[in-house]
Amino acid sequence: MTTLSASDSFLALPVAPAPLTQLRRSLQADTLKLRRTAALRLTLFSGALPVLLVFMIYLFKGHAIVKPGTDPWPSFLMRSWQTAGTLLLPLFVVLLTSLLVHVETKATAWKHLYAQPVGRGAVFVSKLLVLLALNAVALLLFAGLLLGAGALLMLVRPKLGFQSHAIPLETIVWMLGRTYVATLGLLAVQYIVSLFWRSFVVPVGIGMGAVVSTIALLQWEHADKIPYAAPLGTAVSLRLDKVKGIVVAHELAPHEWYSLAWFAGALVVGYFLLQRRTITA
Amino acid sequence: MNSTAPLLVETRDLSFQFGQRPILHSLPLQVPAGSIYGFLGPNGAGKSTTMRLLLGLLQPTAGSVHLFGYELRRHRVALLSRVGALIENPSLYDHLTGFENVEATRRLRGVPAHRTAEVLEIVGLTEAARRPAREYSLGMRQRLGLATALLSDPALLLLDEPTNGLDPNGIIDMRELLRRLRDDHGKTIIVSSHLISEIEKVATHVGVIQQGRMAFQGSLPDLQRLQTGRARLVLETESADTCRNLLPRLLGSAQVIGTGTLWLPWLTPAQTAEVAAAVVGAGLPLYGLRLEQPSLEETFLHLTENAAV
């Protein structure tokens with residue numbers, strides 16, 4: 001059955017908004033919906049936990065960790081990054097993704113969203129961009145707090161010598177970039193899982209199960225191909241150089257390339273899987 | 001439907017099945033422009049499924065949906081810009097205020113900023129707009145959902161059970177609002193309900209769906225004509241059986257309802273007079289003889305029962 005002939009149509013066909021307009025409008029709506037959400041609070045506060053833990057360790061036991069006269073920054077950074085990267089960062093991404101998608105599910109708003117003049121592609125990309133932005137904000141806050149904690153230790157524990165050595169800023173910037181890439185694979189997988197099941201419990205359960213299983217599988221020769229293991233892989237790639245102090249390779253490691261591949265693959269497969277989905281909630 | 005108004009919404013052989021379970025069978029929905037179309041049927045008859053198909057939320061198994069004369073499948077996003085919808089329970093973000101809830105959809109639709117306050121005014125929620133939606137009563141939630149549906153000043157409104165959870169006053173308010181939207185703003189409105197009493201006072205057209213099939217579709221006067229065809233005479237006497245046996249020509253087609261009560265199809269006023277005279281002439285006591293018009297409610301039930309067989 002085709003469109004009626006023009007004489008039968010008493011209304012000119014309305015113009016559909018351009019794809020980029022649809023995306024911009026979706027983004028404007030999605031950022032408004034973030035207000036007072038658990039997803040936003042999680043983003044703002046999650047970076048504080050690993051920094052607080054490591055700060056406490058240095059505050060009370062720093063004298064036992066740092067040999068007098070040596071640079072305290074390398075061990076400080078390694079400890080913080082490993083605390084964050086092993087469990088907290090993957091779990092953060094799992095929770096953040098599930099919470100963000102759950103904003104629509106809880107409001108039974110999918111049916112409402114898809115009855116608006118925006119395509120499914122705009123809805124899909126807009127939420128993904130919000131997710132990527134929140135993930136970046138959380139990592140930046142983590143790095144900022146880390147530097148803040150170091151500065152605070154200069155003041156309250158000058159004997160540890162944080163003030164006498166240069167802050168390894170270049171290493172921190174590279175670590176930030178590589179860690180971000182390392183989270184992308186699991187972020188995309190969790191995003192698709194959340195969209196597909198439209199519940200809070202299922203994606204969180206799958207995510208937590210995957211993170212825990214990953215830890216058990218770390219000895220496996222293919223562990224670097226598991227997206228949930230990538231943040232840990234990056235966290236342990238910090239190396240202590242006798243001359244340059246703490247360094248990290250200025251390039252992506254294989255597990256980070258796999259993370260990017262998971263990101264692209266999950267999004268493409270997921271998008272086509274979700275295209276034809278019926279909207280019942 | 002013998003209407004000259006162009007069809008704003010039309011479905012052709014619209015069928016849908018959920019897995020192996022058929023839900024809709026070749027539904028021929030026809031909604032003229034400028035009408036308030038009451039879409040009636042018992043719960044589970046397929047009303048919500050039809051509404052979802054009209055919005056492209058579900059893909060038909062067969063057949064097609066046409067809005068404003070264009071096929072929905074091919075122009076979904078463009079056509080939806082002229083449609084406002086409230087599907088079942090309104091989709092509200094409890095963590096946002098009433099104002100922010102409307103604002104989220106306003107941004108999504110790219111509607112001018114002043115519309116948010118305007119639609120809140122229309123549904124009477126200006127006072128409560130700054131309170132979080134989680135504190136809203138069921139009626140307020142329904143109105144907030146309606147405000148969201150009105151945002152883009154749509155030519156077509158789809159309202160699925162909009163009176164769900166409203167108190168009697170709320171139902172009257174909703175009815176007034178629908179009438180105003182049609183009369184003053186020229187909107188076409190499809191409103192579904194499982195109660196004909198909620199619809200009969202505002203609807204201009206009616207579609208009755210039963211088990212996924214259209215049991216009746218036409219203007220409200222059409223439905224009322226169907227109703228007069230089903231008028232009956234109620235005769236009260238001493239013994240219904242004796243009475244019927246004594247007057248086989250007049251009462252042969254009558255139904256015995258109680259020991260002393262007979263129902264027979266009403267034909268003409270002369271028939272009424274003849275029955276009265278005959279009963280008295282036969283020496284039987286005539287306690288009562290009255291014409292009974294079935295209510296729209298009964299007509300509706302009759303329609304949905306027939307289709308169920």
Side-chain angles (χ1 to χ4, degrees), chain A residues 1-19 21-41 102-123 126 275-281, chain B residues 5-8 10 12-13 18 33 48-49 51-52 54-59 63-64 66-71 73-97 100-101 103-110 132-133 145 148-149 152 155 158:
Chain A
M1 204 69 71
T2 53
T3 309
L4 292 176
S5 66
S7 59
D8 292 335
S9 309
F10 45 95
L11 187 99
L13 182 68
V15 182
T21 310
Q22 294 180 26
L23 180 59
R24 180 175 48 79
R25 289 175 179 172
S26 296
L27 268 174
Q28 284 168 344
D30 278 337
T31 43
L32 173 67
K33 288 180 214 161
L34 275 181
R35 281 187 197 176
R36 296 184 285 276
T37 55
L40 189 62
R41 279 196 293 270
H102 193 61
V103 168
E104 303 294 345
T105 308
K106 185 161 159 269
T108 62
W110 291 106
K111 58 179 161 56
H112 172 70
L113 215 51
Y114 288 130
Q116 305 302 319
V118 291
R120 291 190 177 194
V123 174
S126 166
Q275 268 301 300
R276 298 283 302 167
R277 251 200 84 147
T278 55
I279 311 299
T280 49
Chain B
L7 296 178
L8 202 83
E10 187 186 10
R12 298 179 190 161
D13 293 325
F18 207 79
S48 284
T49 303
M51 293 295 222
R52 282 167 193 273
L54 293 182
L55 290 165
L57 293 176
L58 300 172
Q59 297 300 324
S64 57
H66 301 259
L67 304 182
F68 311 104
Y70 298 93
E71 192 176 356
R73 197 159 50 91
R74 291 175 39 180
H75 309 283
R76 196 180 70 90
V77 172
L79 291 171
L80 286 180
S81 65
R82 303 297 310 272
V83 179
L86 175 58
I87 298 295
E88 288 170 85
N89 52 328
S91 304
L92 299 185
Y93 304 99
D94 281 341
H95 62 284
L96 299 178
T97 64
E100 288 164 341
N101 263 287
E103 182 68 9
T105 303
R106 184 199 69 74
R107 292 185 181 189
L108 199 58
R109 299 193 77 121
T148 311
S152 64
L158 297 181

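The structure presented is a predicted model; accordingly, all values stated were derived computationally and were not measured. Letters A, B, ... are given to chains in the order of the sequence lines, protein chains preceding strands, and every chain is numbered from 1.
At a threshold of 4.0 Å, the pair Glu100(B)-Arg36(A) counts as salt-bridged, since one of the basic side-chain nitrogens sits closer than that to a carboxylate oxygen.
From Lys111(A), atom NZ reaches atom CG of Leu86(B) across 7.5 Å, with rounding to the nearest 0.5 Å. From Arg107(B), atom CZ reaches atom CG of Leu32(A) across 4.5 Å, with rounding to the nearest 0.5 Å. Of the inter-residue distances, the one linking Leu13(A) atom CG with Arg82(B) atom CZ reads 10.5 Å to the nearest 0.5 angstrom.
Only the side chain of Thr148(B) comes within contact range of chain A, with at least one heavy atom under 4.5 Å from a heavy atom of that chain. For Arg106(B), no part sits under 4.5 Å from any heavy atom of chain A, backbone or side chain. Heavy atoms of Pro90(B) lying under 4.5 Å from chain A belong exclusively to its backbone. Only the backbone of Val15(A) comes within less than 4.5 Å of a heavy atom of chain B; no side-chain atom from C-beta onward does. The contact between Val103(A) and chain B is made by backbone and side chain atoms together, counting heavy-atom distances below 4.5 Å. At a 4.5 Å heavy-atom cutoff, the contact between Leu108(B) and chain A is made by backbone and side-chain atoms alike. For chain A, the nearby parts of Asn89(B) are the backbone and the side chain; heavy atoms of each come within less than 4.5 Å. With a 4.5 Å cut-off on non-hydrogen atoms, Thr21(A) does not touch chain B at all.
Heavy-atom minimum distance, Ser81(B) versus Pro14(A): OG-CB, 3.6 Å. Across all non-hydrogen atoms, the minimal contact from Val77(B) to Pro17(A) is CG1-CD, 4.0 Å.
Chain A forms more heavy-atom pairs under 4.5 Å with one residue of Thr105(B), Val83(B), Leu67(B), Asn101(B) than with any other, namely Thr105(B). The greatest number of non-hydrogen atom pairs below 4.5 Å with chain A, out of Gly84(B), Gly63(B), Gly110(B), is found for Gly110(B). In terms of heavy-atom pairs under 4.5 Å with chain B, the best-connected choice from Ser26(A), Ala107(A), Ala115(A) is Ala107(A).
Partners of Gln116(A) according to the side chain to side chain donor-acceptor pair (under 3.5 Å) rule, which considers only residues two or more places apart in sequence or in another chain, are His112(A), Arg109(B). Partners of Arg24(A) under the salt bridge (Lys or Arg N to Asp or Glu O under 4.0 Å) rule, at least two apart in sequence or in another chain, do not exist in this structure.
No side-chain donor-acceptor contact under 3.5 Å links Tyr93(B) to the backbone of Lys33(A). For the pair Thr108(A) (side chain) and Ser91(B) (backbone), a donor-acceptor distance under 3.5 Å is absent.
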